[in-house]
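The structure appears right after this line, and notes come after that.
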There are 2 protein chains.
Amino acid sequence: MATMKDVALKAGVSVMTVSRVINSPDSVKSETKNKILSAMNDLKFHPNYAAKALVTNRTRTVHLLIPNQLETADPYLMTLIAGISDVLSKNYYAFLLRREWDSHYKCDGVIAMGLNEEEDQQLLEKMNIPCVLFGDTNLSIDCINVNDQKGGYDMTNYILQNGHEKIGIIVIDEDNTFPVKRYNGYQQALRDNDIPFNPNYVRYSNNTEGDGFTKALELLESTDITALFCLSDVLALGALRAAREVGKVVPKEISIAGFDGVLFDQVAEPHLTTMKQPVYEIGQALASELLTRIENPFKKVTKKLFDPKIMIRNSTSKLNKD
Amino acid sequence: MATMKDVALKAGVSVMTVSRVINSPDSVKSETKNKILSAMNDLKFHPNYAAKALVTNRTRTVHLLIPNQLETADPYLMTLIAGISDVLSKNYYAFLLRREWDSHYKCDGVIAMGLNEEEDQQLLEKMNIPCVLFGDTNLSIDCINVNDQKGGYDMTNYILQNGHEKIGIIVIDEDNTFPVKRYNGYQQALRDNDIPFNPNYVRYSNNTEGDGFTKALELLESTDITALFCLSDVLALGALRAAREVGKVVPKEISIAGFDGVLFDQVAEPHLTTMKQPVYEIGQALASELLTRIENPFKKVTKKLFDPKIMIRNSTSKLNKD
DNA sequence: ATTAGTGATGTTAACGGTAACATATTGTTA
DNA sequence: TAACAATATGTTACCGTTAACATCACTAAT
């Protein structure tokens, strides 16, 4: 492998001038620069990142901090990673998945998936390197998140526009903020449409297919809802099964909507109407945000919200007035 | 960050002795070693991998070479990456996804997903670093692959055991070897059970839901098959839809089986009987194989096959003799 | 013509480790 | 106890790059 020394020799200049061609090309006379550039080309020179890392204290490595609760193969996480990875790889950044923050292993930056505010806080206070958070925090850290409130609002609004007024909701009961935001969106949409909020239409559940089934069954058997908004696709899958169980045809007799837009939503039968989170794009955004933060550690903190996008498929329809 | 120099100073020895404690602990007197160890502990010393990389020519980075045809967010690929990543991360190896081999960017090893023999061959000849292939090749390279022939055989055999004799098959028509192997397994199982092979039961298709639908429709309408073996889950999904289209109840009137065991197979309705590839485990195996190869570049080449595992769910059943 | 200023390039040392060799210490044997 | 291994530790140079400073040539101003 050719080193800068080889290039310098071939171009008849000092190593430092070669270095300058790479790092501040404007400071080198164009005649000299051309000589060096063509020498680099001839020798197929590519910088040794290890040497560079040693002297600049830049590793070209990013750590992805992922919650213990999530499996690595979780489709949501994997899509996020795909987005992150595509951006990082393009910039020759390698990355490494970590389940906890270990400051001993050097990296240029961290992308953290927050779970709840407290954990975020604790975590971020320990780090003093560039960091971007998938989530929210009031700390001065770059954050990217999904606009869950808007997602909840828009979906509820869509269902209302279809003539439904009795809309059940299955909320996720978890130490995290997103379900509450989605739920708030639901309530706000009802208010804005002058539809009274009915607490009997609300169920809290774990985020599992099984619990979605149970809670949906309850609602279908004990209330007169014509639509059911599940705050995750996994729940909605359970609700779909519950509808089959009680013999209600989806969407003719009951509309069912989910939230997330994970891989299997299009495979469920009927295809699930859902709020798709732009997870891949968020991954990309997290990575590019981190890269710009690494470039410029003192830039203004940014907080970005990505709007989820409603995917209208055939688990929902206009209210059937019979 | 503490360096070896700091440790050496604190322990009252030379830097080299500290280095030895890390790399060949047995060569240091235990009294000295303890002094150094506790100094390292006090100072929270962790080696600087960049410096190490520079002098040892080891980067602690692995490149994943993924085919251009695959999306990064492909669930199959993502599960593989999850397995790889879990092993690499544990060993503090970072990784980087590349779509083509670029020898200029240093790494300690490469994991390549082969597509077809020719591509593999071309690729591997270019590389002269540790490499493990997900696929097959006659070159002397470590390979890990799925036993597709056995998968095809076992699934066909399972269907035969359920009394079916008229078994349709949708083969994938692609420049790749796995569909042929699965197809061979199908044929061999027929032979071993003395069931004549009927070419009318065979369709070739692209690996898409849509084409699966079309080809399944053809078979359902023009033949008397009682079971249909699709060489991928995506195809099987289309077949499921085709069965609904012609009003045949799955599995009562037609058994449908897939192959792959991807994320959505359990979500399809009815749940799909399939041959699950141990993709996550294969990812882990690829990574650990690579790490041992990096440790010992001259070890004997290994070729491993992982058996796929039949997941019997409710898209298949015993032949209904009416 | 002398001085100061500017732009282009070179020199030196350092980043934090390890390899190879040199030296010191200890133990073994005649 | 001298002589010699064997074992334990130290010294030096180097890996490939950049930062900081030094030098040089040339132009502009006095």
Side-chain angles (χ1 to χ4, degrees), chain A residues 1-40 43-61 92-93 103-108 129 294-295 297, chain B residues 1-40 43-61 92 103-108 129 294-295:
Chain A
M1 271 242 184
T3 70
M4 287 190 2
K5 205 168 159 187
D6 302 320
V7 175
L9 210 65
K10 176 147 195 170
V13 296
S14 76
V15 176
M16 200 53 223
T17 308
V18 178
S19 174
R20 271 187 273 259
V21 168
I22 294 168
N23 299 299
S24 49
D26 293 345
S27 69
V28 180
K29 220 202 311 182
S30 67
E31 189 189 349
T32 319
K33 185 157 45 181
N34 289 337
K35 259 192 317 190
I36 293 173
L37 249 21
S38 79
M40 294 210 296
L43 297 170
K44 295 186 202 304
F45 169 81
H46 281 263
N48 178 320
Y49 283 118
K52 217 164 169 154
L54 181 58
V55 67
T56 59
N57 237 350
R58 289 275 206 93
T59 61
R60 289 207 158 243
T61 303
Y92 294 100
Y93 269 81
S103 59
H104 304 126
Y105 294 91
K106 274 216 186 151
C107 60
D108 291 350
I129 53 165
I294 289 171
E295 285 305 313
Chain B
M1 271 241 184
T3 69
M4 288 191 0
K5 205 167 158 187
D6 303 320
V7 175
L9 211 66
K10 176 147 195 172
V13 296
S14 77
V15 177
M16 200 52 223
T17 309
V18 178
S19 173
R20 270 187 274 258
V21 169
I22 296 168
N23 299 299
S24 50
D26 293 345
S27 69
V28 180
K29 221 206 307 186
S30 67
E31 188 190 348
T32 319
K33 185 158 44 183
N34 290 337
K35 259 193 318 193
I36 294 174
L37 249 21
S38 78
M40 294 209 295
L43 297 169
K44 295 187 202 304
F45 169 80
H46 281 261
N48 178 320
Y49 283 119
K52 219 165 168 151
L54 182 57
V55 66
T56 59
N57 237 349
R58 287 275 206 94
T59 61
R60 290 208 155 243
T61 302
Y92 294 101
S103 59
H104 304 127
Y105 294 91
K106 276 215 186 153
C107 59
D108 291 351
I129 53 166
I294 288 171
E295 285 305 313

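Lettering of chains follows the sequences in order, A, B, ..., and the numbering in each one begins at 1.
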May I ask you to evaluate whether [X] reaches the phosphate of [N], defined as a side-chain N or O under 4.0 Å from OP1 or OP2?
X     : N      : result
A/K29 : C/dG7  : no
B/N48 : C/dC15 : no
B/S19 : C/dT18 : yes
B/T3  : C/dG16 : no

**Message:** At 10 degrees resolution, what angle do the end axes of the helix from C/dA1-D/dT30 to C/dA30-D/dT1 form when each is taken over five base pairs?
**Reply:**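 Inter-axis angle at the ends, rounded: 50°.
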**Asked** Within the structure shown, what part of the strands sits under 4.0 Å from B/S14 by heavy-atom distance: base, sugar-phosphate, or nothing?
**Response**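 Here B/S14 touches the bases of the nucleic acid.
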**Request:** Tell me what A/Y49 touches on the nucleic acid: a base, only sugar-phosphate, or nothing, going by heavy atoms under 4.0 Å.
**Result:**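 The answer is nothing, as A/Y49 stays clear of every strand by at least 4.0 Å.
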**Prompt:** Is the backbone N or O of B/P25 less than 3.5 Å from a side-chain atom of B/K33, with the two atoms forming a donor-acceptor pair by type?
**Reply:**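 Side chain of B/K33 to backbone of B/P25: a pair is present.
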**Message:** Between C1' on C/dG10 and NZ on A/K35, what's the gap in Å once rounded to a whole number?
**Reply:**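 Roughly 13 Å, once rounded to whole Å.
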**Prompt:** Between B/V13 and A/R20, which has a closest nucleotide on DNA chain D that is more 5'?
**Reply:**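 Here B/V13 is the residue nearer the 5' end.
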**Request:** With DNA chain D as reference, determine whether B/G12 or A/P47 sits nearer its 5' end, using the nearest nucleotide of each.
**Result:**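 Of the two residues, B/G12 wins.
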**Message:** Can you identify which nucleotide, out of D/dT17, D/dA19, C/dT9, has its nearest atom closest to the A/M16 side chain?
**Reply:**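 Nearest to the side-chain atoms of A/M16, counting from C-beta on, is D/dA19.
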